[in-house]
Structures are given as C-alpha cells and as structure tokens.
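A short worksheet on the structure shown next.
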Amino acid sequence: MFAEELSGNASKKRAAAARARRKQLKEEQARKAKQKQQSSSTTTVATPVVTTAPSTTTTTASSNNDTVKEALEQRKIRTQSKLRLSSILTIQSLVRTTLSNSKLYLAECTILDKRLSDLSTLYGILKQQEKEYVCPPSLVSALTTQLLFILYFSKRGKSKEPKLSRENVQRLEKILTLVIIPGLQPSSQHIHPLETWIQSSHGTLRLQRLLQACFELYTLPHSYYAKNEIQTVTSFLHSVLLPLHSSEVTTFCKTLVLGQNEFNLILLLRRVLVKYTGTSSDSYLPPNAEDLREKSISTKDKERATLLWNLVLSVIDSTPHKEVYYAQMVKDIFTIPLLTWKIPLTSLVSSSSPKFLSMISSFASQNATLLERGDIVQVVEQYDVPITVCPAPPILCLTANVVQMGRFCGCVGGTAGEFDFSAATIYFSFLSILLDVIPLGTFSSRQNAVEWVPSHTTPSTNDSTQKQPTSSAHYAPIVLSPIILDQCRILLLDSYIRQLFSTAIMPSSDINKILITKNEVDVKHEKDLQGVGGSSASALAAKEAMVDRSKSFWQRSAWAKQISKKVSSLLSGDASSKSSDTTATTEKKGGGKLMNTSSISRSLAHGKGGYNSITTKTMLDKLSFASSDNTKQSAVSSYNVQFLFALCRSYSVILARWGGGGKEDIVNRVSPSSKRSSSGGGDASSKPEPCVLSLLNVICF
C-alpha cells in the first residue's frame, strides 16, 4: 500500500513542500509572538521572513518516513485493540461457562440425591409389605445418564476419566443397588434394563462409561470406599459378565473386558496389584516390608484384590479360549512383586485343582518356541514398573511367586496324601527354566546383591496398555530387593528339599520295578562308571583334553577330579571285594540292587570305618527303604519317573550356576570372552556359594 506513496508524483511533492513551508512559517510566527510578549519595547520593526524552499529530496524522504511510521503505529494499535477485545470475550465466556456448569452440577446432584432418597424410602415400604419393585428401563437409563453426567463432569467441558470422590462413590453404589441390580437378578421377570443400551451408539457409550467407573473404583485408595460399596460393584460385574442365561449384553461386555483395550480385566488387576497404595502412589514395595512382612499389606487391600482375582478367574473360565488368557495371567499377574502377600495364598492356590499349574502349562505351550531358545526374559518383560523404583526384575518376581505358590500347594509341595506327580513334573520343569535365567545375585551370600539390568525408559501414558520402548537403554546397577530374594530362597530350605526327594524316591511298586529292571543301556552305563572309578585324576584330565570341544559340556565332561575319586568308586563298588559269581548272576538276571548311601556318606564325612565294611553293611538283597515318618508317602496320582528327572534338573541348575567356576574351561582355565546378555542365562558364580554346599549336604545325607 506504500508503493504509490514512496514513488509519488510531482503534484504530491509540491503539496508536501508547501505544507512544510506553511508549518515552518507558523512556527516562526509563534516564536516571534512569544519574543514580542517578553520584550519590554512597545514597538518592534517586523523584518520580513524570507523562506527558502528546502531541498526536494530531503523533504520527500522525511515525509515518507513519517507516514510509514504513523501507519505502522496505527496498525499496531488496531491489532492490540482486537486482541484485547477477543481476550475479554474469552474470559467472559469461560467465567459464564464455569459458573453455569457449577450451578448445573449442584442442581443435578441435588435432584439425583432426592430421587435416590425417594427410591430408598419406596424400597423400605415395599419390603415391609414383602413386595419388590424393579425400575423400568426408561427410569434406569435416565438415572444412569444423570449419574454419568456427575461422574464425568468438568467445569471446562467433558472429562475422559470419572471423578470418584467420596460422595460420587456413594451415588454409584446406590444406583447399582436400587436401580440396576434388581433388574439383573435371575428371578426378575422384567425386561433386562441394559438390553436397549446396546442397540444404539449412545447406549453403548453409556454402558462403557458405567463399566469404566466401576473399574476405576478398584484403583482408588481404600479410604475412598467402604467394604459394602466394593462388594456392590463386584456383584454388578458378576451379574453382567456371568449371568445364568447369556444375552447380547453379556457377549458385548465379555468381548469388551477381554480385549486389548483400556477395559481389559487382566490389565485392571495388574493396575490394582502392582502399586502399593498404603502411603504413596509411587511406591511399588511397602517401605516397612522387611519388618512387618505380610502385615505390611492392609486387610482392605487384600479383600479388594481377592474379589477382583476371583472375578477375573470366573470370567476367563467361562470363555472357550481360556488358555490364551491363562498365558496372559502368567505374564501380567505372576510378575507382580509380592503377589502372594497382596492376594492370600488360599485364593491363589486351591488344593483340589490349582489353576496356577494350568496357567503355567498354557504359558509354556503358548511360548514354546521362545522358551526353547531361552528368551523367557523377553516374554515376561514389563515396562510399566521402573526398575530403578522397584528393584526386582519381572523374571525374579515370577520366580519368587511360583516358588511361594508351589511351596504352599500340597499337590506339588511334597505334602503327604496330596502329592500329584504329573502336576509336580510340570511345576519343576517350568521352575528349572526360570532358575536358568534369574539374576546371579538371587542365591548370593552377599548382604547386598547388586545386579546389572537394562534400564528402559517407561512410557508416560495414562492408559493401561503398555508400549515397548524402541531400543534398550544402558545397563544400570540395582540392589535386588531382599524381600523378593527371601521368597526365592525358600526353594533351598533343608526340610523342603528332603521332603521333595523323599517323595521322588518313595518306596512304591512302580519305582521298585523301574530300578530293579535293567536294559543294555543301564548295564553299559554301570561299566563306564566302573572304568571311571578305577582311573586316576591325571588320566581323566588327559582324556578331557582330547575331547572334541565343539560338543556341549554335558556331552563331553567326565565330571570333576575329586568326584571321580570318591563318588564314582562309591557307585561302582570295590572291585577286589566283588566275587565273579555275583557279577555273572546279576548280569544274567538283569537285576539291580539299590544302595542306601546316606550312612556311607555320613561315615566317610566323619572318618569312621573303612569303605569295604560300610559297603557290606549297607548292601541290600532287594530294593527296600526304612519305614520312617519321612519316607511314608501316599500319592494322589501314580508314580512318574519324569518327576524325579524334573526335580534333579531344577536343583542341578542351581549347582551349575552357583557352584563356582563360572565361565571357565576345565582344562585351560581361561574365561571365554562373551558379551553380557540381557537375559542373564548362562552366567555362573566364580566361587561356590554357601547355599550350594548346604544343598549338597542335604542331598547326600
């Protein structure tokens, strides 16, 4: 717009010059008039003012600059004026919206409380007359819509999450008790109050908002609700998800709560259990857990978690594809720290049919390929719990919870009269996989077990779905939680180990038949042991050096030097004291004799007696066991030799990883250069841990 003004023409330039001359003339006249007033003389001679026209170029440039500045200032003034007017209108609108919404919210709360009070009075009158009243679907929809308006109210618009204050929780409980639940009872002959909701998008949204409000109640601190209120919400969810007669509402709700969304029941259970809500919302472990143990979790928290746990199990059991959800339970629920404290073991483990074994079996079948590769750490990895805040990796929490449940469960814990060999085989097979990948500090004798773990950045999301980080961060050192470590170390209790191995070698007709009968492989193995027992340690070392190193350790190792001196000779027996007739008879009949090595081991340990006398005393004509309280067992299922193999494998993993000599070659004694793996599998301690020595003593004696 300034192009014409800057370019200009002759007439405009002349006009500007004339204005400048007139302005200069006026200023000169005003100056003279002022001097004349100040002068004492009465007459003055006016000298004519001769004005000379300024240069055309200078006058034009100054006038153009003044015009541009004036135009910019005017534009700036207009812009600021418009901005002030817009701000005033916005502020006025927000104030009017806040005031009107607040008045409307208070009015709706008053109306709803009055209606619920009237309904409560009506129910009381009808109950005295032994009559019942069920709200019609239209009234149910109206009152529920009014409640949802109050729950999702925001002074500046709609809210995505319900605001569950103490008053709103009471209103929700009254709506469920007086309005919705009576129409969901099996004895009710009225129309299902929620059937009409799923016929429209508005009704579907109303049902989703109601379920979301009920789910949110479980995540609140226990000071926000009473016991009857959480029970009412659980009863409503049971009526909707697990009715006697299935309906479209049930199908819709089950699909919703078992899908991968914010309504997922399993993820809701994890949200409820993963954080400790006693004092701080950012705490994952109770601060006084080392002193109070199970009492650090309040009774209200345990009751709430038990109600939700039973609801989730009931919903999963009612679905046709429950194996998939069982596997998800192991991944999302069994990896929660201190799970057996937050949910009582009586609810987690049932002596008649322990579902946690079915969950473990489903998890193993669903992830068979990854478990074979040893990638179980990646399978159970969780990203909603920062490892720096909760110093317990998910794989360690999973191991601790599995050990606790197995110790309490009678069918796999070695309790007399309840033992199930098939279930115990599944349990210890899965436990051996976990023991091979847990951090090396689990069974360490150090006071503070420090472990290097990958430190992932937790995604900041408000929803319950977890997002995996794009890449692994650096490794960070953490001090493993002593509470979680104590739960894992129950596996090494002397009484527990004796009970398990006594059950594994119990005197039954099945194991007698298995051990007495020999095949060609067994006879060949005994001959090999006899040959090893007669060889020296140097010969074994030379033979070990000639073995093909491309094979694995378990295929090429002839065991250690000291073990070959005593244990192998113990198994093979004293060749000088054996008669040729006895050997021939044994090989001919294929029979074997079991040696009770406990007395031999004790005598050798104390240095009492010779080997030949001990062997003579302990050799038995046929397989027999002492009739003592520790060996008397009655099994639920028939004996399964696979249980003995699974049990030996679990404890052999402990011996291999915590028995010393980790990552060292037997002959060269050189540690191979290998990168640290995030799973931790294959790591072993450099020195024997005391727990391993104690384990060997228990097994031997």
Side-chain angles (χ1 to χ4, degrees), residues 1-8 12 16 19 23 60-115 141-172 200-213 215-217 219-221 224 261-263 271 280-282 384 457-465 467 470:
M1 62 179 290
F2 304 112
E4 295 181 358
E5 296 180 3
L6 294 176
S7 60
K12 290 184 179 181
R19 285 195 299 271
K23 183 178 180 180
T60 303
S62 61
S63 61
N64 290 338
N65 292 335
D66 294 339
T67 304
V68 171
K69 291 181 181 179
E70 184 178 358
L72 291 175
E73 290 178 358
Q74 293 295 329
R75 176 176 292 181
K76 186 177 181 180
I77 293 173
R78 290 193 300 270
T79 303
Q80 292 178 352
S81 177
K82 290 181 180 180
L83 182 60
R84 285 195 297 269
L85 180 60
S86 176
S87 302
I88 292 172
L89 295 177
T90 301
I91 294 173
Q92 290 178 351
S93 176
L94 289 176
V95 171
R96 288 194 300 268
T97 301
T98 303
L99 293 177
S100 61
N101 287 346
S102 300
K103 292 180 181 179
L104 179 61
Y105 174 77
L106 295 176
E108 291 295 330
C109 290
T110 304
I111 295 173
L112 182 61
D113 293 340
K114 182 66 170 59
R115 290 174 177 175
S141 301
L143 293 179
T144 306
T145 303
Q146 192 173 11
L147 172 68
L148 294 178
F149 170 79
I150 295 174
L151 294 181
Y152 290 87
F153 168 79
S154 177
K155 294 182 179 180
R156 296 186 180 181
K158 295 181 180 180
S159 175
K160 295 183 179 180
E161 296 182 359
K163 304 296 188 298
L164 292 178
S165 60
R166 186 71 189 94
E167 294 78 10
N168 288 341
V169 171
Q170 294 176 350
R171 295 187 182 102
L172 176 61
S200 62
S201 58
H202 296 286
T204 301
L205 180 61
R206 189 185 307 125
L207 181 57
Q208 291 178 356
R209 291 291 181 89
L210 182 61
L211 291 176
Q212 185 181 8
F215 291 166
E216 194 67 24
L217 180 62
T219 62
L220 296 177
Y224 279 74
N261 49 49
E262 65 271 18
F263 300 100
R271 286 175 55 197
S280 174
S281 59
D282 296 330
D384 58 340
T457 302
T458 306
S460 57
T461 56
N462 296 327
D463 56 355
S464 57
T465 57
K467 297 182 180 180
T470 55

Note to self: For Glu161 versus Gln212, what's the shortest heavy-atom pair and its separation?
What the structure shows: CA-NE2, 4.4 Å
Notebook entry, point to check: If every non-hydrogen atom of Phe149 is compared with every non-hydrogen atom of Glu108, which pair is closest and at what distance?
Noted result: CE2-CG, 3.7 Å
Item checked: Lys/Arg N to Asp/Glu carboxylate O, Glu216 vs Arg271, below 4.0 Å -> yes
Next item on the list: Output all residues satisfying side-chain contact (heavy atoms from CB on, under 4.5 Å) with Thr145, sequence neighbours left out; order by chain, then residue number.
Entry: Arg206
Note to self: Check this for me: Gln80, atom CD, are more than 12 non-hydrogen atoms of other residues, nucleotides or ligands nearer than 6.0 Å?
What the structure shows: yes
Next item on the list: Name all pairs fulfilling the ring pair (Phe, Tyr, Trp, His ring centres under 6.0 Å) condition that reach into residues 67-107, sequence neighbours left out, sorted by first residue then second.
Entry: Tyr105-Phe153
Notebook entry, point to check: Is there side-chain contact between Leu217 and Leu220, with heavy atoms separated by less than 4.5 Å?
Noted result: yes
Next item on the list: With sequence neighbours left out, write down each residue that passes side-chain contact (heavy atoms from CB on, under 4.5 Å) with Ser100, or none if nothing qualifies.
Entry: none
Notebook entry, point to check: Can you tell if the side chain of Ser87 reaches within under 4.5 Å of the side chain of Arg84, non-hydrogen atoms only?
Noted result: no
Check: Can you find a pair of side-chain heavy atoms, one from Leu143 and one from Leu147, that are under 4.5 Å apart?
Finding: no
Check: By salt bridge (charged side-chain N to carboxylate O under 4.0 Å, His left out), which residues pair with Arg19, not counting sequence neighbours?
Finding: none
Check: Can you tell me how far the CG atom of Leu83 sits from the CD1 atom of Ile88, to the nearest 0.5 Å?
Finding: 9.5 Å
Check: Sequence neighbours excluded, which residues qualify as salt bridge (charged side-chain N to carboxylate O under 4.0 Å, His left out) partners of Lys76?
Finding: none
Next item on the list: Apply side-chain contact (heavy atoms from CB on, under 4.5 Å) to Thr90 and list each qualifying residue two or more places apart in sequence or on a separate chain.
Entry: Ser86, Leu94
